Each structure stands twice: as C-alpha cells, then as structure tokens.
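Predicted, not measured: the structure shown is a model, and the values here were computed from it.
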Amino acid sequence: MKSLHRAWIVAAVAFVAIIGAAGFRATPGVLITPLEDAFGWSRGTISLAVSVNLMLYGLCAPFAAALMDRFGMRRVVACALLLVAAGSGLTVFMTASWQLIALWGVLVGLGTGSMALVFAATLTDRWFVRHRGLVTGVLTAGGATGQLIFLPVLAHLTEMQGWRWASVTVAGGALAVVPLVWFLLRDTPEEIGLTALGATEPVVRTPAKGAAARAVRVLREAARTRRFWYLAAGFAICGASTNGLVGTHFIPAAHDHGMAETTAASLLAVIGVFDIAGTVFSGWLSDRVDPRLLLAVYYGLRGLSLLVLPQLFAATAEPSMLVFIVFYGLDWVATVPPTVALCRRIFGTDGAVVFGWVFASHQVGAAVVATVAGVTRDHLGNYDLAWYGAGVLCLLAALMSSRIVTRVRDRREAAILVG
C-alpha cells in the first residue's frame, strides 16, 4: 500500500492553523453592537478599528511571504498565532476606543496578516506540483471553516456571557494551534529528504536575504505591468464586498431590521459552509479552466446578488435570504484560487510575493469599505447605499478580470517578469 505523502500532512496542519487565525477575523461583526452598547462608541469608531485590522492584515502579507522565504513558514506562522492570541486576549482589559484600535486593529491585524492567504500560496508552491489549485482552494476554505466554527459560538457567548468571553475564546483557539504548527509543519519537502508532490526532482532553495527589500523589488517590477493592476484592483473590490462589507456589517445590518444577532451570525456561518464547497470546487476548476473566465463569472454573479440584498432583509430568515446566503457563500472566496493561479502563471517564482501585494489590495479595499459603510449607516440610518455601491464595483471587477492578458507580449516585458 502506497504511503501518504508528507505534503498532505503539512497541508492539514496549515488548514488547522488558518482556522485558528480565522476566529478573530470572524469576530468584528459579532461585537459591533455589544461594544456600541457597552462603551457608547459610534459604529464608525468601531468600524475604524476593524479597518486598521483589515489594512494591516493585507499590507504585511507581501512582507510575510518574503519572511517565510527568509526564516521559514513554521517560525513565522507560530509567531503570528501568538500575536493573534495576545491581541485578542488583552482586549478584555480595554476601556477606551484607542485601545480597541491598538489591540484589535494593530496587534491582531499584524498577526493574522503574517499568515493570511500568502501562507497558503507559499505552502502550495513549495509542497505541491500536482493538485496545486485544489489544495489552494482547500486551504482558502480554512478561513470559512473558522468562521463556521467560531461565529455561532461567539454570538452565543456574547449574548449569554458578554463580549469579553468571546475575545478569550478566540485567544485560546489561536494558542491551541501553536504546538501543531511548531512540531508538525515543515518549511520545504527537501528539508526532510522529500520532493514536492508530483515533482520529479528536489529543488535547491537558498534563503533570501533582505525580505523587505525583495518584497518592494517585486512590487516595483510587477507594477510596471497592466495585468498586475487589473489583478490588484479586482481583488480590492473582492475585499470590499466580502470582509469589508458583508463580513463586518451583515450582522448589525440584519439587527437593524429586527433580526436577532445569533440568527444573523448563524446565517454568516452558513455562508462559511457553502464557501468551503465553493472554494474547493473553484480550486479544482482553476486546474482546468482559464482563471480569467472564472474571475469574471465570480465577480459578475456577486455583483448581481449584492444589488438585490437590500430587499431581502427582514426580522426572520425568509427563504429569499436563505437563497442569497447559499449563493453568496459559494462565491465568497472562490476568487482566491484563480487569482493565485494567475499570479503564479504571470510572475513565475515571484508569484507568491506578488500575490501578497495583490492580497494587500484586497485588504485595503476591505478596510476602506468597512469604515465607509459604518459612517454611511451613522449618517443615513441604513446600509442600502453601501450594498448598491459594492454591487456596481463587483461588475467592474468582472470587466477588468476579463481583460487580463496572461501571455508575455514583448521582450521588455519578459525581462521585467524574469527580473
């Protein structure tokens, strides 16, 4: 009987680690109303802390990819989880809004950003030649699984015990994953005398020096190409319409229409269930279908669904809302596998670092819309304008994705991509 390749064990550990970090990322929507009630902070102020978290989550991603090249995935991910645990645990002592920004925004943003989706991209690039798209989809779905596990629990704890118990639970979840990462994760297959799954020969890797310098150099070279900006702009809209808007404001928006927060949190968890299926299937498709076509379809369908969402809110989960939840869940982060595939195809060995910058744009978009949507709600009394605006932007992202050129068109561009 053929033994299981170690790559699958490493991928399983990474999946669990991503779940551990996902818990706190799922928390903002649950805690907005309780923090508003407990401290009297405006929704815009609380949303600002979420924005800082999302911004740092994205901006440190490209540097994390380079740091993983320099110091290894195991060290970077273990330290990141400890930072998440510290930031979430210390929030129980906060008394002012600046502390929320410092802990929830800065510490947890840096911690989650240090593993983020570049962790999945780096791991699949090192450990897999065969099944890369599928494994990328599975690891990306880990974030949705964390949402699925944590959201109903956090909503129940917040309702029954208070928001501090939710923060402590997240800290404990992140800490519990650290030993698994440290003892079971390995940086490369060559480190233990293996080759990547599907590879015919080992790859000699030299640790990169100057991680920050390399990240900046890769950005400078990639930014000379129009395709990078199409990818970055599309992914910024992706972040705006998911983490920034739905992930942060769906629960308080539903609560505005009379829905219980635990019910709204359960609906977001259902999004997580279908996101797993949608992302894994998207990864499988990315190995077989033009990634540009997949992105155009995903963004287009997401935009249409957001345009009808304002008419679906009610005090109870009506069938029409359930249809939206299933549909949106299938599309939530299905964009990740084809985006990773395009970065790898276009930018070669720098693909993981380029994806780090593309992912940074994802979080910048999320951060901007998280605050804008909160301020919109404060001034207009509802989120309708935010839903409609996000829907139109998604349709624009579909158009940009369809215009990405994957072939190298001239010698000058080839020289840029090779570096």
- Message: Set out, in order, the CA-CA distance, both residues' side-chain angles and the distance that settles side chain to side chain contact (heavy atoms under 4.5 Å, CB included) for Phe347 and Phe355, then state yes or no.
- Response: CA-CA 9 Å; Phe347 299 100; Phe355 177 71; over 6 Å; no
For His249 and Thr376, what are the C-alpha separation, side-chain angles and deciding distance, and is it a side chain to side chain contact (heavy atoms under 4.5 Å, CB included)? CA-CA 11 Å; His249 293 285; Thr376 298; over 6 Å; no
Output for pair (Met400 CE, Leu393 CG), nearest 0.5 Å, gives 8.5 Å
Hits for ring-ring contact (aromatic ring centres under 6.0 Å, His included) against Tyr299, two or more places apart or cross-chain, chain-then-number order -> none
Distance col, row Gln161:CD vs Thr169:OG1, nearest 0.5 angstrom, shows 9.5 Å
Heavy-atom closest pair (Gln311 atom, Leu307 atom, distance to 0.1 Å) is OE1-O, 3.7 Å
Practice prompt. Carefully, step by step, assess Arg217 and Asp350 under the rule side chain to side chain contact (heavy atoms under 4.5 Å, CB included).
Written response: CA-CA 10 Å; Arg217 174 186 61 79; Asp350 287 332; 4.1 Å; yes
Might you work through the side chain to side chain contact (heavy atoms under 4.5 Å, CB included) test for Leu268 and Val246, ending with a clear yes or no? CA-CA 9 Å; Leu268 272 186; Val246 176; 4.1 Å; yes
Residue pair Thr33 / Thr158, side-chain heavy-atom distance below 4.5 Å: no
Q) Within the distance-only criterion (no hydrogens, no angle test), does the side chain of Arg345 pair as donor or acceptor with the backbone N or O of Ala341 below 3.5 angstrom? A) no
Expected output: side-chain His362 to main-chain Val358 donor-acceptor under 3.5 Å
no
- Message: If you count every heavy atom of other residues, nucleotides or ligands that lies below 6.0 Å from Trp41 atom CH2, does the total exceed 12?
- Response: yes
CG of Leu175 to OG of Ser88, rounded to nearest 0.5 Å, is 7.5 Å
- prompt: Has the side chain of Arg377 got a donor or acceptor atom that lies under 3.5 Å from a matching backbone atom of Tyr383?
  reply: no
The salt bridge (Lys or Arg N to Asp or Glu O under 4.0 Å) partners of Arg43 (sequence neighbours excluded) come to Glu36, Asp256
Open item on the list: Looking at Thr248 and Leu245, would you say the former's side chain and the latter's main chain have a donor-acceptor pair under 3.5 Å?
Closed with: no
- Query: Quick one: does Ser51's side chain have a donor or acceptor within less than 3.5 Å of a partner on Thr371's backbone?
  - Reply: yes
Quick note, ring-ring contact (aromatic ring centres under 6.0 Å, His included) partners involving residues 72-93, not counting sequence neighbours, are none
So CG of Leu267 and CG of Leu322: to nearest 0.5 Å the spacing works out to 6.5 Å
| message | Could you check whether any side-chain N or O of Arg74 sits under 3.5 Å from a backbone N or O of Trp182, counting only pairs where one atom can act as donor and the other as acceptor? | response | yes
Review point. Considering only heavy atoms from C-beta outward, does the side chain of Ile101 approach that of Asn53 to under 4.5 Å?
Key: no
Under 3.5 Å, is there a donor-acceptor pair between the side chain of Arg126 and the main chain of Pro189? no
Rounding to 0.5 Å, atoms OG1 (Thr188) and CD (Glu190) come to a distance of 5.0 Å
Which of Leu219, Val218, Leu231 passes side chain to side chain contact (heavy atoms under 4.5 Å, CB included) with Val354? It is Val218
Legend entry - Flag for Tyr298-Ser401: side-chain donor and acceptor within less than 3.5 Å: no
Looking only at heavy atoms, the pair that brings Ala222 and Phe228 closest together is O-CB, 3.2 Å
- request: Check whether any side-chain heavy atom of Leu139 lies under 4.5 Å from a side-chain heavy atom of Val135, and answer yes or no.
  value: yes
Residues Val76 and Ser114: closest non-hydrogen pair is CG1-O, 3.5 Å
Of all heavy-atom pairs linking Ala155 and Thr262, the shortest is O-CG2, 4.0 Å
Practice prompt. Quick one: sort the His5 and Trp127 rings into parallel, tilted or perpendicular, breaks at 30° and 60°.
Written response: perpendicular
Original post:
Where does the angle between the aromatic ring planes of Trp332 and Tyr328 fall among parallel (under 30°), tilted (30 to 60°) and perpendicular (over 60°)?
Top reply: perpendicular
Compare all side-chain heavy atoms of Val129 with those of Thr195 and state whether any distance is below 4.5 angstrom.
-> no
Sequence neighbours excluded, the answer for salt bridge (Lys or Arg N to Asp or Glu O under 4.0 Å) partners of Asp378 is none
(message) With heavy-atom distances below 4.5 Å as the criterion, would you say the side chains of Leu194 and Arg186 are in contact?
(response) no
| request: Count the heavy atoms belonging to other residues, nucleotides or ligands that lie under 6.0 Å from CZ of Arg75, then report whether that count exceeds 12. | output: no
Closest non-hydrogen atoms of Trp163 and Pro34, given as atom of the first, atom of the second and distance, are CB-CB, 4.3 Å
query = Side-chain contact, heavy-atom cut-off 4.5 Å: Leu31 with Ser167?
reply = yes
Original post:
Would you say Trp284 and Phe281 make side-chain contact, with heavy atoms under 4.5 Å?
Top reply: yes
Any heavy-atom pair between the side chains of Leu83 and Val108 that's under 4.5 Å? no
Between Arg130 and Asp287, is there a salt bridge with N-O shorter than 4.0 Å? no
Distance col, row Leu309:CG vs Asp384:CG, nearest 0.5 angstrom, shows 9.0 Å
Sorted by chain and number, sequence neighbours left out, ring-ring contact (aromatic ring centres under 6.0 Å, His included) with Phe250 holds for Phe313
Sequence neighbours excluded, the answer for salt bridge (Lys or Arg N to Asp or Glu O under 4.0 Å) partners of Glu159 is none
Between Val181 and Val13, the two heavy atoms sitting closest are CA-CG1, 4.0 Å
